[in-house]
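Values reported hereafter were calculated over all heavy atoms of this structure, with side chains retained and with hydrogens, waters and symmetry mates removed. These figures come from a predicted structure and were not determined experimentally. Here is the naming used below: chain letters follow the sequence lines, and residue numbers restart at 1 for every chain.
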Amino acid sequence: MPKVSKFRDERDEKSVKARLRRSKANFRERNRMSSLNRALDNLREKVPLNPTLATMDLDQNHNQKLSKIETLRLAYNYISALGQSLSWGRRLHFEEMIYILSRGLSQTTVNLLRSRLRFDLDQHLAQSVSSTMLHHM
DNA sequence: TAGGCCATCTGGTCCT
DNA sequence: AGGACCAGATGGCCTA
């Protein structure tokens, strides 16, 4: 067998091995990012704009996912708000809550947050009123 | 249409 | 040596 082709074979083999290594690394990277995204989805479920609690009639953005960065910011703000509530020893008022939760978020998300929290508050009030009425019946 | 967001690829670095 | 983690580059999609 001539030398030239032997060298070419070695080079080809090396590049085949390199490509194989790369494609395995890409596969692992995709898995790693996908597990990171699953963790982020779990976090989304825990923040006040929880997508599974979204209400159809609230607005047309109900099915729009919170972005990664906004999910992290909102989660951070939410923890701060809970901490604040704990240190004051009382529930936060609507505007106090909105103020803390909105830090660093886009105007769109803040608007969404406002309507969602207002909706939840109304639901909560309606529930309290009806249970009070039942109690007096 | 510019800008934001995302998934993917890639090469570098560190760790086991 | 091979895997995990990371940040930069790139291209596609969507929306204000």
Worksheet item: Atom CG of A/Leu66 to atom P of B/dG4: distance rounded to whole Å?
Response: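 Answer to the nearest Å: 17 Å.
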Worksheet entry | Value in whole Å for how far the P atom of B/dG3 lies from CD of A/Gln107 |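 The distance from CD of A/Gln107 to P of B/dG3 comes to 20 Å, rounded to the nearest Å.
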For [X], enumerate each residue passing the side-chain contact (heavy atoms from CB on, under 4.5 Å) test, keeping only those at least two apart in sequence or located in another chain.
X: A/Ile69; answer: A/Ser67, A/Arg73
X: A/Asn37; answer: A/Lys68
X: A/Leu36; answer: A/Met33

Worksheet entry | Cluster companions of A/Leu40 among Ile, Leu, Val, Met, Phe, Trp, Tyr (side-chain spacing under 4.5 Å) |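 Other cluster members: A/Leu43, A/Leu72.
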Worksheet item: What is the per-nucleotide protein-contact pattern of nucleotides 7-16 of chain B, from the 5' end, where B denotes a base atom under 4.0 Å from a protein heavy atom, S denotes such proximity for sugar-phosphate atoms only, and - denotes neither?
Response: S-SBB-----
Worksheet, complete the sentence: Looking only at heavy atoms, the pair that brings A/Leu113 and A/Pro48 closest together is CD1-CB, 4.2 Å
Discussion item. Please determine whether residues A/Leu82 and A/Leu117 belong to a single hydrophobic cluster, defined as Ile, Leu, Val, Met, Phe, Trp and Tyr linked transitively by side-chain heavy-atom distances below 4.5 Å.
Written reply: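 Result: yes, single cluster for both.
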Discussion item. For A/Arg38, is there an ion pair with A/Asp41 - N to carboxylate O distance below 4.0 angstrom?
Written reply: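 Looking at A/Asp41 and A/Arg38, the cut-off is not met.
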Strictly under 3.5 Å: I want the nitrogen or oxygen pairs between protein and nucleotides 1-3 of chain C, one per line.
unit_1	atom_1	unit_2	atom_2	d
C/dG3	OP2	A/Arg28	NH1	3.1

Practice prompt. Inspect the surroundings of CZ in A/Phe94 and state if more than 12 heavy atoms from other residues, nucleotides or ligands are less than 6.0 Å away.
Written response: yes
